[in-house]
Each structure stands twice: as C-alpha cells, then as structure tokens.
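Below is one structure, written out as structure tokens; comments come after it.
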Amino acid sequence: MVKLTEVADEHFNEEQQGPRDDDEDYVDTDSDISSDDGSDDDDETFEETMYERLVALKDMIPPKQRARVVNTVSTGYGWLAAALRFGGSSMWIISTSAIMLGVPYALAVGEEQQMIEMEKEVKAQQLASNSLSSGPASLMDQPQ
C-alpha cells in the first residue's frame with residue numbers, strides 16, 4: 001500500500017516582495033463621504049453603448065434561459081418573415097390581377113357610356129328635325 005505524505009512548499013512560507021498592505025493604512029471611507037466639499041467624483045458618467053450593456057447581461061442569464069429566448073425570438077422572426085413574404089406575394093397577385101382585369105373593364109364601361117350618350121344625342125336631333133319639318137302648323141295644333 002502507498003503512504004501519502006504532505007510536503008510543505010517553502011515558496012509559500014516566504015514573504016512576498018512589493019509594498020506591504022497593513023491594516024493601519026486602511027481608512028473607512030463610508031463615514032467620510034459628504035456632498036459639502038463640492039467634488040462630484042461619484043457623478044462620473046460612463047460611456048457605454050447599448051451593445052456593451054447587453055453583452056454584460058449575458059452573464060446574468062443562465063444558458064438554458066438564453067437558449068429558450070433565442071429559440072423564441074428566432075421562431076418569431078421566422079413566422080414574421082413568412083407572413084411578410086406571403087403578404088407581399090398576395091399583394092402582387094391582387095394588384096396585377098386588378099390591373100389585368102380592371103383596366104379593360106373600365107375602358108369597356110367608358111365606351112358603353114359614350115354609346116348611350118351618342119344615342120341620346122341622335123334621338124334629340126331626330127326629335128328636333130321632326131318638329132322643324134312639320135312646321136308651324138303643328139305648333140298651332142297644340143292646345144294652350
């Protein structure tokens with residue numbers, strides 16, 4: 001059987017080089033804060049973009065929740081894209097059909113109206129010529 005023994009590393013027992021952090025240098029700053037001195041160091045504005053804020057939120061949301069949100073958004077985007085594609089195709093079909101069928105129909109209706117107006121004018125001219133050809137005798141025959 002193997003016996004394990006712990007060997008202490010001498011490196012961890014040595015003092016580290018550099019400045020010493022003594023508790024004597026520590027000052028409680030919470031009690032010294034006051035707004036009477038006129039310095040507004042706490043009011044610094046950080047220039048963050050919306051993208052940087054969203055990236056920082058990535059760590060707050062668990063991976064399963066992020067996957068669920070991404071799946072929901074991509075599904076919604078897919079449905080919206082399909083609906084817009086279908087709507088665009090439908091509008092194209094409706095508008096071209098209206099042009100192909102509606103314009104000739106409108107022209108035919110316009111021609112028919114012109115024919116009716118011409119017939120009315122011809123009848124009015126015939127009545128006027130009949131009344132003029134019968135002469136003033138026909139005007140005298142009418143009771144007053």
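Just so you know, residue 1 is the first one in the sequence shown, and it goes up from there.
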Only residue of Gln65, Lys58, Lys64 satisfying side-chain contact (heavy atoms from CB on, under 4.5 Å) with Ile61 is Gln65
Return the set of residues passing side-chain contact (heavy atoms from CB on, under 4.5 Å) with Val103 (not counting sequence neighbours), or none when no residue passes.
-> Ile99, Leu107
Evaluate the criterion side-chain contact (heavy atoms from CB on, under 4.5 Å) for residue pair Tyr105 and Leu101; output intermediate values, then yes/no.
-> CA-CA 6 Å; Tyr105 178 74; Leu101 298 174; over 6 Å; no
List the steps, then state whether side-chain contact (heavy atoms from CB on, under 4.5 Å) holds for Lys120 with Ile116.
-> CA-CA 6 Å; Lys120 285 181 183 178; Ile116 292 172; 4.0 Å; yes
With sequence neighbours left out, the residues meeting side chain to side chain donor-acceptor pair (under 3.5 Å) with Glu48 are Arg53
Is a donor on one side and an acceptor on the other found under 3.5 Å between the side chain of Ser133 and the backbone of Asn130?
-> yes
Leu57 side, atom CG; Arg66 side, atom CZ - distance, nearest 0.5 Å | 11.0 Å
If you round to the nearest 0.5 Å, how far is CD of Glu119 from CD of Glu121?
-> 11.0 Å
Are the side chain of Ser74 and the backbone N or O of Asn71 linked by a donor-acceptor pair below 3.5 Å?
-> yes
Between atom OG1 of Thr96 and atom CE of Met91, what is the distance when rounded to the nearest 0.5 Å?
-> 10.5 Å
Report yes if the side chains of Glu52 and Thr49 come closer than 4.5 Å at any heavy-atom pair, otherwise no.
-> yes
